[in-house]
Amino acid sequence: MLKLTTQAYCKMLLHAAKYPHCAVNGILVAEKQKEKKKEGHTSTILCVDCVPLFHGTLALAPMLEVALTLIDTWCKENKYVIAGYYQANERIKEVRPNQVAEKVAARISENFSEAAMIILDSSRFTMGCFTPILSIYDHLDNKWKCRDPSIDSFEDWTEAQKITSALLESRSYENLIDFDNHLDDLRNDWTNPEINKSVLHLC
């Protein structure tokens with residue numbers, strides 16, 4: 001069961017806010033779990049961060065390969081694991097996973113069985129972010145099943161809502177870097193240290 005930290009949620013929403021007329025996507029990362037004994041209960045995977053990938057054209061396979069390789073290396077260096085995928089579709093009313101989302105998410109779940117896929121619902125986007133605007137899909141019995149929306153999917157929903165709202169208000173999304181921005185200029189850092197700092201500062 002995947003839960004989102006404030007930082008992961010903030011950056012997903014800032015990515016969608018920076019490119020409101022485009023589809024956007026990205027990778028969710030979690031802290032590496034210690035080998036756990038196989039017991040009946042499902043463990044909670046805490047998704048600590050996200051890496052914004054692309055805006056506009058999402059289906060460019062070679063670019064995706066480059067991005068995933070770099071993210072994988074970065075994860076290993078930081079004891080993280082690629083744990084999921086998020087996407088906001090271009091058409092506002094389109095809130096179900098499309099082929100691109102299912103393909104990338106399936107690829108991630110091959111290496112991480114508890115992977116989740118998140119679809120952002122841009123039609124419910126407000127500056128106040130009063131309710132979670134996402135659907136979380138878990139990979140069960142070879143199908144992606146939508147979880148009932150609930151604030152239980154967050155480590156701390158009140159904090160996530162407050163900080164996301166503050167960052168949108170201050171237009172922090174203008175400084176968000178995704179992989180497309182990085183490929184345009186390699187000095188652009190896709191780990192977004194500035195935004196991470198802002199989130200910490202507001203916590």
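The shown structure was predicted, so the numbers you read here are calculated from the model rather than taken from an experiment. One is the number of the first residue; the rest follow in order along the sequence.
- Using a cut-off of 4.0 Å between Lys/Arg side-chain N and Asp/Glu carboxylate O, Asp138 and Arg147 are scored as salt-bridged.
- Listed here is the closest heavy atom pair of Ile195 and Ser172: CD1-O, 3.9 Å.
- Residues Asp189 and Ile177 have side chains not in contact (no heavy-atom distance under 4.5 Å, counting atoms from C-beta outward).
- Residues forming a side chain to side chain donor-acceptor pair (under 3.5 Å) with Asp185 (at least two apart in sequence, or on another chain): Arg187.
- With sequence neighbours left out, Asp49 forms a salt bridge (charged side-chain N to carboxylate O under 4.0 Å, His left out) with Lys11.
- Note on residues 166-178: pairs passing salt bridge (Lys or Arg N to Asp or Glu O under 4.0 Å), not counting sequence neighbours, are Arg171-Glu174.
- Under the ring pair (Phe, Tyr, Trp, His ring centres under 6.0 Å) criterion, Trp144 pairs with His139, not counting sequence neighbours.
- Sorted by first and then second residue, the side-chain hydrogen bond (donor to acceptor under 3.5 Å, both in side chains) pairs involving residues 155-168 (not counting sequence neighbours) are Thr6-Glu159.
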Can you give me every donor-acceptor pair (side chain of residues 62-72, partner residue at least two apart or in another chain, under 3.5 Å) with its distance?
unit_1, atom_1, unit_2, atom_2, d
Glu65, OE1, Arg107, NH2, 3.2
Glu65, OE2, Arg107, NH1, 2.8
Thr69, OG1, Glu65, O, 2.8
Asp72, OD2, Lys76, NZ, 2.7

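- Residues meeting the side chain to side chain donor-acceptor pair (under 3.5 Å) test with Ser135, sequence neighbours left out: none.
- Residues forming a ring pair (Phe, Tyr, Trp, His ring centres under 6.0 Å) with Phe54 (at least two apart in sequence, or on another chain): none.
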Stepwise side-chain hydrogen bond (donor to acceptor under 3.5 Å, both in side chains) check, Gln87 with Asn89
CA-CA 6 Å; Gln87 184 168 305; Asn89 292 320; 2.8 Å; yes
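- Scored by the salt bridge (charged side-chain N to carboxylate O under 4.0 Å, His left out) test, Asp180 finds no partners at all (sequence neighbours excluded).
- Listed by chain and number, the residues in a ring pair (Phe, Tyr, Trp, His ring centres under 6.0 Å) with Tyr137 amount to none (sequence neighbours excluded).
- Asn78 is linked by a side chain to side chain donor-acceptor pair (under 3.5 Å) to nothing, counting only residues two or more places apart in sequence or in another chain.
- When side chains are defined from C-beta on, Ile45 does not count as touching Lys3, because their heavy atoms never get closer than 4.5 Å.
- Crowding of Lys145 atom NZ: a count of heavy atoms from other residues, nucleotides or ligands under 6.0 Å exceeding 12.
- Partners of Thr131 under the side chain to side chain donor-acceptor pair (under 3.5 Å) rule, at least two apart in sequence or in another chain, do not exist in this structure.
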